[in-house]
Amino acid sequence: MDAKRRNGGPPRGGASQAKRGKTGGDWEDSPSIFEEELALFEEADMETEEREGQAGHDVIPVGELFSADLNPRWRRPQAAPLNPDSDTLVFQQIDLDYYLGAAVAGMPGQSQGNVPIIRMFGVTDSGNSVCCHVHGFAPYFYIPAPNGFTSDHLSEFKRELNSAVLKDMRSNKDNMSVTVLAVDITRKESMYGYHGKRIADFLRITMAMPRLIAPAKRLLEQGFKFGPFPIQSFSSYEANIDFEIRFMVDSDVVGCCWIELPKGKYRVREERKVGETDVHYPGKVSLCQYEVDVGWTQLISHPAEGEYQRIAPLRVLSFDIECAGRKGIFPEAEKDPVIQIASMVQRQGEKEPFIRTVFTLQSCSSIVGSQVLCFTKESQLLQSWAEFVRTVDADIITGYNIQNFDLPYLLNRAATLKVSLFPYLGRVQGIKSVLRDSSFQSKQMGRRENKILNMEGRVQFDLLQVLLRDYKLRSYTLNAVSFHFLQEQKEDVQHSIITDLQNGNEQTRRRLAVYCLKDAYLPLRLLQKLMCVINYMEMARVTGVPLTYLLSRGQQIKVVSQLLRQAMKQGLVMPVVKPEAGEDYTGATVIEPEKGYYSVPIATLDFSSLYPSIMMAHNLCYTTLLQKGSAEKLGLTPEDFIKTPTGDLFVKSSVRKGLLPDILEDLLSARKKAKAELKKETDPFKKQVLDGRQLALKISANSVYGFTGAQVGKLPCLEISQSVTGFGRQMIEQTKQLVESKYTIANGYQADAKVIYGDTDSVMVKLGVDTVSRAMEVGREAAEWVSSHFTPPIKLEFEKVYYPYLLINKKRYAGLYFSSSSDTHDKMDCKGIETVRRDNCTLVANLINTCLQTILIDRDPQGAVAHAKEVISDLLCNRIDISQLVITKELTRTAQEYAAKQADGERHRERRNIGGCTLEERFSRLWTQCQRCQGSLHEDVLCTSRDCPIFYMRKKVQKDLDDQEKLVSRFGW
DNA sequence: AGGCACACCTAT
DNA sequence: TAAGATAGGTGTGCCT
């Protein structure tokens, strides 16, 4: 059963269904468009056949045996011999982690016991995979040296701390004797607050393993005594940095960058036979073609510039599974078999997948353009697919909801069938892929329960997760998403008949296989269309975090990574603050709207990148903040610092340039550069990369402010964030004053200009001009003039003209948007109105949308009212498809809660109890019909149950009609 | 009826 | 252990 998308949706969009109207039994229809597409791949393949070997499209009954040699394409290109004495090894690193292992002879670092080893995975230009073990890097943190501390005290401090840490350990299963590797005195300065560039002695404490940092920090905080010093509590610095980030910052490695291992500086690992082990010179442990050891200071990391902007020919594997569920029951891996797995493999940068294959249980007719492998035993199917994954050696694994459905299902199914060789999906031999539960919580995304599966060296890039993070959509089913972005839909197979198709014949199973293949193909198409891989890589490069962090972590880590890099250059260290929620601070101003319908052009002026430019203009940073009394203590004159609108003090850049302004300048100038290159570039692929880059740079710049205001965060600084919003409030107010004072009749203009609305960084101005082009002219001039009143890089820009403009309320308006041309509008822009809100059913959204069009384009408000009345009448007379009345989002979530509850068998706690309505009742109300009126839409049996969707929607539409009428009378049409 | 707390989702 | 920010409209439930 196609379980993961079975989120209980109502029959979707009556139209497409009525058109197709296929039910079980009607299977032997003509080939679908997708099948023709697949067949076209076959023709394209003929050309490359000779070079890459046979694609092998035939149906292959595999039976008891399986051999990867069935298809020579599966393997990566042969790797040329690598001689470390004469060859440099260059690869793009795509995943980076660390493990604890025995030291390798000849490599730097501790030689005793288990040591942390960084592991980088990547791909060379020729498409060969690389696993690189990086040795000698150990985790560390800082504390301020106590008064009177000299190098004579180092060994005693180290000894005492070491024994304290050892004593603190509950169990010492690794039998460690040395936990503290080193303690050094270094000259550093805290990045928090300006204190006259007073560089002080810090102790840099190097630990043997990353997990020893936290206890060492805790012990030092709690109060630590050593030598002649009294017991004291030490604050710590940079003790909360992930080990991977620590390494990347220190070695100047960023996510997805190119790594060069110079000749003579690394060692190649060879394949070892069983029994030939040598603990000091280990053999290959990974499935990668090249496996090497290198000292952490020997590798060269190339900044993503020039030729190193390129992307290696990564292998992207997309897959989808089908299981044969029982009627009406969510498939359970313990009971329901996996019957098909379709896989498509594409090289990043190429247009089409070069491997298209489907593994089926039982026979299946051939499909032109793809390889069908049939199995008689499910366990064989599973094991062979795992071997397929290992053979293809994918760098990126994608699909739709693979993280929370397909992969967990396969793993659990394999465990049920005792397919012992299945759960080794990573690139490191002998590391079992294990399922874990995790819950990720943020204000932005709420609580999200996720399954986590380790697959060392392969990046799991679940398209659903990407879409949930980056796009606000009404529905996240693969079908809806494909339609939205590709105007294409899934193959038409009702999930309820999947089991029947499986139990039919090789023709019905073929139909299922085509469906399954398409579900593996669509994610690839979407990745390509949305440029996800490229955009994520650019984000990793810009912010310096590993690719995987972008999907598994929040926003903060990206800023931390950049902050640490900038701080290191200046000898600054980042304090560890313990997160505690405090009082909210004041945010932006929303100018009281002059509500109404404007049949004159309204010019809109915006501050571009308002918050970043405020931080740059006023040098707001941790390092420039003057804490209470500091100004006097440091003998600063009033010329040395500024007072922000919130009364906070910051030194000027003449005294010290802040880190945050530096980061922002780098980001924004890099963005300018990327945009300039984008303009010049002709190669579409390079263009995509550059566009992804400029987008990443913009997003990164905008997230710096949020980081300083994140009270439960790594380094909140409300003085910065409240000063930023304070400046913003002042600026929007001043902008309003300036515009209204200059553009007056008294100053020789046609009319007195009026700012009718504004939010945070924008003002909407009625300039009193008649035409769009005139509004553009005056708007441009006004923006430039206002800009001259502010400190660079703060800049007010003319952005667009609305004509006409309907201002309903704060954060709710609509208008025809003119920016590229003054003759024709680019679009109808709707903000905050039902049409853009996902908590409304499509009937209401469509109704309002049509009304707005009638009002704004046809300029016929009476027509809008008439339309609303017509819809009401349709509703009362049963002429509206019930699916139009359902809120997809609500439905999806309720269905998911329901499914989750069924899966757990646990008592479900209502998050929001609506009128004592239980989850089951809610589910059934959304899923089917109101229990009382049975969904009747006729007025005679008007249902007044609060839980009746019809009643609810009728009320809603009625209200919207009222609103329309109110609008008409309010604005005097 | 009106006020309040809360949920949800958007604008910026 | 990790988690960007605040402002604000609209609707529901519940109390007085």
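A note on names: the letters A, B, ... follow the listed sequences, proteins ahead of strands, and every chain is numbered from 1.
Distance check: A/Lys827 NZ to A/Lys800 NZ gives 7.5 Å after rounding to the nearest 0.5 Å. For the atom pair A/Ile720 CD1 and A/Ile614 CD1, the distance stands at 13.0 Å (nearest 0.5 Å).
One finds no side-chain N or O of A/Asn702 lying less than 4.0 angstrom from the OP1 or OP2 phosphate oxygen of C/dA5. A sub-4.0 Å separation between OP1 or OP2 of C/dA3 and a side-chain N or O of A/Tyr549 is absent. For C/dG8, neither phosphate oxygen OP1 nor OP2 lies less than 4.0 angstrom from any side-chain nitrogen or oxygen of A/Arg812. When the side-chain nitrogen and oxygen atoms of A/Lys810 are compared with OP1 and OP2 of C/dG8, one or more of them lie within a distance under 4.0 Å.
For A/Lys811, the salt bridge (charged side-chain N to carboxylate O under 4.0 Å, His left out) test picks out A/Asp759, with sequence neighbours left out.
Side chain of A/Arg837, nearest nucleotide from C/dA2, B/dC9, B/dT12: B/dC9. If you check C/dT6, C/dG9, C/dA3 against the side chain of A/Gln711, the one that comes closest is C/dT6. For A/Arg838, counting side-chain heavy atoms from C-beta on, the closest listed nucleotide (C/dA5, C/dA7, B/dC9) is B/dC9. Listed nucleotides B/dA11, C/dG9, C/dA5 differ in distance to A/Asp759; the shortest reach to its side chain belongs to B/dA11. Taking every side-chain heavy atom of A/Asp242 into account, C/dA2 is the closest of C/dT6, C/dA2, C/dG8. Looking at the side chain of A/Lys831, the nearest of the listed nucleotides C/dA3, B/dA11, C/dG8 is B/dA11.
Residue contacts shown for A/Val724 are absent, as no nucleic acid heavy atom lies under 4.0 Å away. Using a 4.0 Å heavy-atom cutoff across all strands shown, A/Val712 reaches at least one base atom of the nucleic acid. A/Tyr611 comes within 4.0 angstrom of nothing in the nucleic acid, heavy atoms only. Contact annotation for A/Phe607: no contact, since no heavy-atom pair falls under 4.0 Å across all strands.
Here the side chains of A/Tyr98 and A/Phe247 are not in contact, with every heavy-atom distance at 4.5 Å or above.
Nearest-nucleotide positions on DNA chain C for A/Thr589 and A/Gly706 put A/Gly706 closer to the 5' end. Each of A/Phe707 and A/Val590 was matched to the nucleotide of DNA chain C holding its nearest heavy atom; the match closer to the 5' end belongs to A/Phe707.
Counting only residues at least two apart or on different chains, the side-chain hydrogen bond (donor to acceptor under 3.5 Å, both in side chains) pairs with a member in residues 697-716 of chain A are A/Tyr585-A/Tyr705.
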